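Protein chains get the first letters and strands the later ones, always in sequence-line order, with residue 1 at the start of each. No experiment lies behind these values; they were computed from the predicted model shown.
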Protein chains: 2
Amino acid sequence: MRISEAAAISGLGIDTIRYYEKSGIVPCIDRGSDGQRRFTPENIDWLTLLYWLRQTGMPLKTMRRFATLYAQGGQTVPARKAVLMAHAEQLAKRREELDRCEVVLAHKLAIYEEFEKGTP
Amino acid sequence: MRISEAAAISGLGIDTIRYYEKSGIVPCIDRGSDGQRRFTPENIDWLTLLYWLRQTGMPLKTMRRFATLYAQGGQTVPARKAVLMAHAEQLAKRREELDRCEVVLAHKLAIYEEFEKGTP
DNA sequence: TACCAACCTGAAGCTACATCAGGTCAAGAT
DNA sequence: ATCTTGACCTGATGTAGCTTCAGGTTGGTA
């Protein structure tokens with residue numbers, strides 16, 4: 001599979017995929033005899049996971065750690081689990097922030113509506 | 001009120017407040033005779049709102065638009081309301097992304113646990 | 001009077017991409 | 001056989017949103 005298809009499926013942009021490879025967080029992408037990247041289904045899974053991790057704010061540094069662990073094989077599964085669980089906690093915090101922001105917004109909007117009632 | 005207190009209350013950093021002022025998204029901060037910033041309660045409210053908007057991903061460009069509207073007085077209240085409501089929609093989308101990411105993470109974690117059972 | 005903390009400015013540094021310039025290569029149209 | 005088109009390549013530069021740094025005032029305290 002070529003890079004454009006990989007981008008379409010994973011959700012990442014073409015440039016982002018190249019950037020991620022250069023940054024060392026996408027281990028071993030094959031190249032065809034033409035020198036162009038060929039993506040395996042395993043690659044696609046990996047990119048898709050990266051997409052979701054980025055989408056929810058995981059820094060590249062952490063992704064790099066995760067990728068390094070992945071490259072070291074099966075005995076790093078507990079460590080990888082720990083990384084993902086830590087990120088899941090981050091998600092919970094984000095959710096709290098969303099909640100609080102929604103409260104703030106609702107409050108502001110209520111004030112605006114009050115104001116509009118006052119000056120029709 | 002000085003900048004350090006303003007930072008502590010609003011949640012923003014001192015440097016971020018200065019940066020926001022320079023970027024034109026915090027209208028009219030007074031200065032004392034010593035040339036240092038003095039913050040009114042109104043300023044603090046504004047900064048706190050900015051804190052929450054930033055925390056949930058509103059771009060500076062949008063904040064700038066919002067600030068410009070604010071500076072133009074009461075007749076822009078409907079426009080400001082629209083900005084905040086658009087942002088509230090963004091929040092809903094973020095929440096969906098969080099949900100989906102949690103599903104992906106839970107799936108990965110389940111696979112890891114399966115793996116650990118298999119190779120104890 | 002000497003010093004320390006808190007403030008100031010302008011400039012440079014950083015992260016995580018996005019975009020651009022300039023070039024390769026294969027496949028179909030002329 | 002050549003020409004064009006489109007997808008890909010690399011390396012460099014640009015952008016957003018801060019953050020940190022260098023170097024310079026104040027204002028209160030010992």
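With the nearest nucleotide of DNA chain D identified for both B:Ser33 and A:Ile3, A:Ile3 has the one nearer the 5' end.
Contact footprint of chain B on DNA chain C: nucleotides with an atom under 4.0 Å from a non-hydrogen protein atom, first to last in 5' to 3' order, C:dC7 to C:dT9. Bracketed by its first and final contacts, the part of DNA chain D lying under 4.0 Å from non-hydrogen atoms of chain A reaches from D:dC8 to D:dT10 in 5' to 3' order.
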Under 3.5 Å, side-chain donor or acceptor atoms of residues 71-79 of chain A against the rest of the protein: list the pairs with distances, not counting sequence neighbours.
| unit_1 | atom_1 | unit_2 | atom_2 | d |
| --- | --- | --- | --- | --- |
| A:Gln75 | NE2 | A:Gln72 | O | 3.4 |
| A:Thr76 | OG1 | A:Leu69 | O | 2.7 |
| A:Thr76 | OG1 | A:Gly73 | O | 2.8 |
| A:Thr76 | OG1 | A:Arg80 | NE | 3.1 |
| A:Thr76 | OG1 | A:Arg80 | NH2 | 3.3 |

Please tabulate, one pair per line, all N/O donor-acceptor pairs under 3.5 Å involving side-chain atoms of residues 52-64 of chain A, not counting sequence neighbours.
| unit_1 | atom_1 | unit_2 | atom_2 | d |
| --- | --- | --- | --- | --- |
| A:Gln55 | NE2 | B:Glu97 | OE2 | 3.1 |
| A:Thr56 | OG1 | A:Trp52 | O | 2.7 |
| A:Thr56 | OG1 | A:Leu53 | O | 3.2 |
| A:Thr56 | OG1 | A:His87 | NE2 | 2.9 |
| A:Arg64 | NE | A:Ser23 | O | 3.0 |

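The two atoms that bring A:Gly13 and A:Ala7 nearest to each other are C-CB, 4.1 Å, heavy atoms only. Shown here for A:Ser4 and A:Ile14, the closest heavy-atom pair between the two residues is CA-CD1, 4.0 Å. Smallest separation of non-hydrogen atoms from A:Ile3 and A:Arg18: CD1-CG, 3.6 Å. Across A:Ile17 and A:Ser10, no two heavy atoms sit closer than the pair CD1-OG, 4.3 Å.
Clustering ILVMFWY residues whenever any of their side-chain heavy atoms sit less than 4.5 angstrom apart, transitively, puts B:Ile111 in a cluster other than the one holding A:Leu47. By the criterion of side-chain heavy atoms lying less than 4.5 angstrom apart, applied directly or through intervening Ile, Leu, Val, Met, Phe, Trp or Tyr residues, B:Val103 is not grouped with A:Leu98; the two fall into different hydrophobic clusters.
Residues from residues 91-102 of chain B lying near DNA chain D, meaning a heavy-atom separation below 4.0 Å, are absent. Using a 4.0 Å cut-off on heavy atoms, the residues of residues 14-31 of chain A that approach DNA chain D are A:Arg18, A:Arg31, listed by number. Annotation: proximity of residues 37-52 of chain A to DNA chain C (heavy atom, distance under 4.0 Å) is found for no residue.
Residues satisfying the side-chain contact (heavy atoms from CB on, under 4.5 Å) criterion with B:Asp34, sequence neighbours excluded, are B:Arg2, B:Gln36, B:Arg38. Residues that satisfy the ring-ring contact (aromatic ring centres under 6.0 Å, His included) test with B:Phe66, not counting sequence neighbours, are B:Trp46. Residues satisfying the side-chain hydrogen bond (donor to acceptor under 3.5 Å, both in side chains) test with A:Glu116, not counting sequence neighbours, are B:Lys81. Applying the side-chain hydrogen bond (donor to acceptor under 3.5 Å, both in side chains) criterion to B:Tyr70, with sequence neighbours excluded, gives B:Glu42.
Each side chain to side chain donor-acceptor pair (under 3.5 Å) pair with one or both residues in residues 100-109 of chain B, not counting sequence neighbours, appears once here: A:Arg95-B:Glu102.
For the 3.5 Å distance criterion, the side chains of A:Thr48 and A:Asp45 fail to qualify, holding no donor opposite an acceptor.
Taking the side chain as every heavy atom from C-beta outward, B:Phe39 and B:Ile9 never approach each other to under 4.5 Å.
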